[in-house]
There are 2 protein chains.
Amino acid sequence: MLTVERHKLIIEKLKEKQVVTIQELVKLTNTSESTIRRDLAFLEKEKYLKRVHGGAERLQGKLAEPDVAEKSTKFIQEKRIIAKHAASLIEKGDCIFLDAGTTIHQMIDFLTKDQNIVVVTNGLHHIDKLLKKGIRSYVVGGFMKPTTGAVIGNGALLSMNQYRFDKCFLGVNGIHSEFGYTTPDPEEAAVKQRAIQLARDTYVLADHSKFNEISFAKIADISAATIITDQLQIEQQDLFLQKTNIEVVEQ
Amino acid sequence: MLTVERHKLIIEKLKEKQVVTIQELVKLTNTSESTIRRDLAFLEKEKYLKRVHGGAERLQGKLAEPDVAEKSTKFIQEKRIIAKHAASLIEKGDCIFLDAGTTIHQMIDFLTKDQNIVVVTNGLHHIDKLLKKGIRSYVVGGFMKPTTGAVIGNGALLSMNQYRFDKCFLGVNGIHSEFGYTTPDPEEAAVKQRAIQLARDTYVLADHSKFNEISFAKIADISAATIITDQLQIEQQDLFLQKTNIEVVEQ
DNA sequence: TCAAATCCATTCATTTTCAATCAATTTTAA
DNA sequence: TTAAAATTGATTGAAAATGAATGGATTTGA
């Protein structure tokens, strides 16, 4: 995880919480105590927060301002462009599945209540935003994986069986012409797999860093989905274009 | 709990109460007498309050503002006392169901990871806290009701059928000796009903305002649960004590 | 007033948190 | 490609926070 992303997460946390412990942030960002301490030291110097023993405290200042850090980082920008395009594919009245993960999370900003869509998601971090938007939403039941905020496990698969989707939007960790779509956790892979089975159309949202990567658990062959990305090396282009649908969003 | 958090709680308490005893604060913050004494010493030095024998009293200094805005905090503290007692009933290794709602929400603060419990909940607002605490948790699948953050509907009932609970903790809107437990939304009532069916023991957490109230949808007869509350009118006491288990937590 | 009960300050051992440092890795620049 | 710079996680002794215990002070009520 990038430094700026962590900083953004910490600031977000303090917007909602007043005080936050170091241990919480370690879990949230999946890094070490040392790193969080450094982050806090930096953010304190920048007047974003006040350090206290065991954590940090909100400061009435910079972070009272609306979304400064938000949407500013290059990485997030890239994801937002992809997410925006993905959202534009949704039609009125669609029933869609939204996978857990930050890329998919960005999509929610581009959904509107009056599209009259129905959303099903296994992403716990999406819930708040969906509710605030007033979008008709269903959550998948099952085990809540702390690190990613994804609902997984056998319960999740059963729970999903109640639904059918017009479109399904997934994040992945690796895209490879031979090994297909992959992700580190087999249980998360199983959920994505099931989502694909239950959906008429599947879209994989991926920034450039995901291409030619292979992770542990296979989700599906590359032909199982349409890839939405924002840039592609020329040599990759040929390779992928032969085998699957791919939509490249220009900057 | 962080030191600054305790300090804030104490100050909040004094905004509302004029004087507060050490014992109250011990209960409120779930810490030791020593810690509270140290907190009071510090806050006195900072001119936030004046220590008196047995506790502390408000000072017309820094926190002089009447700040009546916090009508909610009083309620919250009442709920916390009830919630703490409820949490104390949980045994190592228990599988428990946590209903949606603010009273139940307070319980989470008193759960610990090393109790090795399993939590199932339909309360979306509980998720964050549960994950942060590192407690093994499952979410009920189904429709996310925006106003209350409860998961409801047929999907929820199906999803819950996968589980059995040692104990089940519910919030309600009305408790009446004749009409039993009631709540405004029939769909939420159905979830609570199902939780009762799936649990060995059921506890209803209720502050004084819930007694002798009747809401729209019936959940169960009054004998279906043990009520946990913090105060009870004398005339009510007789009435209820005949018909059901009730545990009154003293201040 | 006196005795019992409660409350308090102090001390101590334990636990948690902290800052500083270092080696390993990753990123950047040349 | 190589070297410099930045980032990271682990380690370590110091500092802070905590809960319990002790004995002295204060309050209470008979």
Side-chain angles (χ1 to χ4, degrees), chain A residues 1-11 13-14 17-46 48-57 69 73-78 147 173-174 184 207-213 215 233, chain B residues 1-11 13-14 17-46 48-57 59 84 88 109-110 112-115 132-134 250-251:
Chain A
M1 174 172 299
L2 258 42
T3 305
V4 285
E5 289 185 285
R6 280 198 317 275
H7 289 179
K8 193 172 91 74
L9 273 177
I10 293 171
I11 290 170
K13 211 65 220 166
L14 276 177
K17 267 210 62 172
Q18 182 83 10
V19 293
V20 63
T21 69
I22 287 192
Q23 293 311 321
E24 277 179 74
L25 294 174
V26 167
K27 278 184 193 163
L28 177 67
T29 61
N30 206 26
T31 55
S32 71
E33 228 172 85
S34 299
T35 299
I36 295 299
R37 283 182 205 291
R38 274 184 279 252
D39 287 343
L40 293 185
F42 173 83
L43 290 171
E44 181 174 45
K45 191 159 55 65
E46 297 287 314
Y48 277 104
L49 50 81
K50 178 175 185 302
R51 294 185 73 183
V52 296
H53 199 89
E57 181 179 26
T73 75
K74 189 178 161 192
F75 219 45
I76 296 287
Q77 282 290 4
E78 187 179 352
T147 49
N173 287 71
D207 59 72
H208 68 282
S209 73
K210 306 297 182 4
F211 285 91
N212 279 330
E213 293 292 318
S215 190
Q233 315 299 343
Chain B
M1 174 170 300
L2 257 42
T3 306
V4 290
E5 290 184 278
R6 280 197 318 273
H7 290 177
K8 284 180 201 302
L9 271 177
I10 294 171
I11 290 171
K13 192 82 192 172
L14 273 177
K17 270 203 64 169
Q18 181 75 18
V19 294
V20 61
T21 69
I22 288 191
Q23 293 311 320
E24 270 179 90
L25 295 174
V26 166
K27 282 183 188 167
L28 177 68
T29 61
N30 206 24
T31 55
S32 72
E33 225 172 89
S34 299
T35 300
I36 295 300
R37 285 183 203 289
R38 275 185 277 251
D39 286 343
L40 294 185
F42 172 84
L43 290 172
E44 180 173 47
K45 190 159 57 65
E46 296 288 313
Y48 278 104
L49 51 80
K50 180 173 185 306
R51 294 185 72 182
V52 295
H53 198 86
E57 75 179 2
L59 208 57
K84 184 180 179 181
S88 75
D109 283 334
F110 301 104
T112 63
K113 184 179 178 177
D114 52 328
Q115 283 178 301
K132 267 177 216 149
K133 279 248 168 183
E250 87 279 10
Q251 272 286 6

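Residue numbers start from 1 in every chain, and the chains themselves are labelled A, B, ... in the order their sequence lines are given, proteins ahead of strands.
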Under 4.0 Å between a side-chain nitrogen and a carboxylate oxygen: does that hold for B:Lys8 and A:Glu57? yes

Write down the distance between CD (B:Glu5) and C1' (C:dT16), rounded to a whole number of angstrom. 15 Å

Within the 4.0 Å heavy-atom criterion, would you say B:Val52 contacts the bases, only the backbone, or no part of the nucleic acid? sugar-phosphate

Any side-chain donor near an acceptor of the partner, B:Asn30 and B:Lys84, under 3.5 Å: yes

For atom CZ of B:Arg51 and atom P of C:dC7, their distance in whole Å: 13 Å

Can you build the contact string for nucleotides 8-30 of chain D? Use B for base contact, S for sugar-phosphate-only contact, and - for no protein heavy atom under 4.0 Å. BBB-----SSBBB------S---

For B:Gly134 and B:Lys113 the tightest heavy-atom approach is O-CG, 3.4 Å

A:Glu33-A:Gln23 side chain donor-acceptor pair, cut-off 3.5 Å: yes

Name the residue from B:Arg6, B:Glu24, B:Lys13, B:His7 that meets the side-chain contact (heavy atoms from CB on, under 4.5 Å) definition with B:Thr29. B:Arg6

